[in-house]
Amino acid sequence: MSVTAIRTKLLTKLNEMQSLKAAWDWEISNTDGKYPYATLTLKEGEANFASTAHNLRRRGFTIRLYQERQKDVGQTPEQAEDIMTAVIDELETALDMDTTLSGTCKWVRPVGWHADYLVKDTSIRLLEIDVDAFDIVSST
């Protein structure tokens, strides 16, 4: 399948999540003030020979989850942690239960994530999730 098809399916998955308020397939500053929100961006790709007739192709994406963590703006740091924990639990389950993205690719590697903090206009809790989708494509 194509990069576009995988990106579209991942964005659909994000938009179906009950714990997210919004999701975009580009980096955006949250002008609507909706938290938590997600961005999905293309990260990298690679391919290797799988056989004399097939290539194994990997397409990598990064999902960034943002949650503000200032009481005067919305959530306390403790509430932000609880929200982000719920979001990552839902996202892991969504991808674990659909390892082919509904047939869009051969398989998706179980996701890993990295948690950090970011200071923009407000203090933000940031989770970065790497998604690697694999496909076996004909090379003949």
*Taking 4.0 angstrom as the limit, do Arg58 and Asp132 come out as a salt bridge?*
yes
*Let me see the working for Thr93 and Glu90 under side-chain hydrogen bond (donor to acceptor under 3.5 Å, both in side chains), right down to the final yes or no.*
CA-CA 5 Å; Thr93 300; Glu90 186 178 1; over 6 Å; no
_Residue of the set Tyr35, Tyr37, Trp24 for which ring-ring contact (aromatic ring centres under 6.0 Å, His included) holds with Tyr66_ = Tyr37
*Using a cut-off of 6.0 Å, state whether more than 12 heavy atoms not belonging to Gln18 lie near its atom CD.*
no
*asked:* If we count only N and O atoms by modelled type, under 3.5 Å, do the side chains of Ser123 and Gln70 hold a donor and an acceptor together?
replied: no
_Has Asp98 got a side-chain atom pairing as donor or acceptor with Ala94's backbone, closer than 3.5 angstrom?_
no
_If we count only N and O atoms by modelled type, under 3.5 Å, do the side chains of Arg64 and Thr41 hold a donor and an acceptor together?_
yes
*asked:* Show the nearest heavy-atom pair for residues Ser138 and His54, with the distance to one decimal.
replied: CA-CD2, 4.0 Å
*Is Arg69 salt-bridged to Glu78, cutoff N-O under 4.0 Å?*
no
*Report yes or no: do Thr85 and Asp89 form a side-chain donor-acceptor pair below 3.5 Å?*
no
_Side-chain donor/acceptor of Ser139 to backbone N/O of Ala53, under 3.5 Å_ = yes
*Mind running side chain to side chain contact (heavy atoms under 4.5 Å, CB included) on Leu91 and Ile129 for me, showing each step along the way?*
CA-CA 9 Å; Leu91 181 60; Ile129 298 103; 3.9 Å; yes
*Mind checking what makes ring-ring contact (aromatic ring centres under 6.0 Å, His included) contact with Tyr117, not counting sequence neighbours?*
none
_Spacing of Met97 atom CE and Lys13 atom NZ [to the nearest 0.5 Å]_ = 9.5 Å
*Give a yes-or-no answer on whether the side chains of Glu128 and Thr62 include a donor-acceptor pair shorter than 3.5 Å.*
no
_Given Asp25, Leu101, Thr104, the one that forms side-chain contact (heavy atoms from CB on, under 4.5 Å) with Leu10_ = Leu101
_Salt bridge flag under 4.0 Å for residues Asp130 and Lys43_ = yes
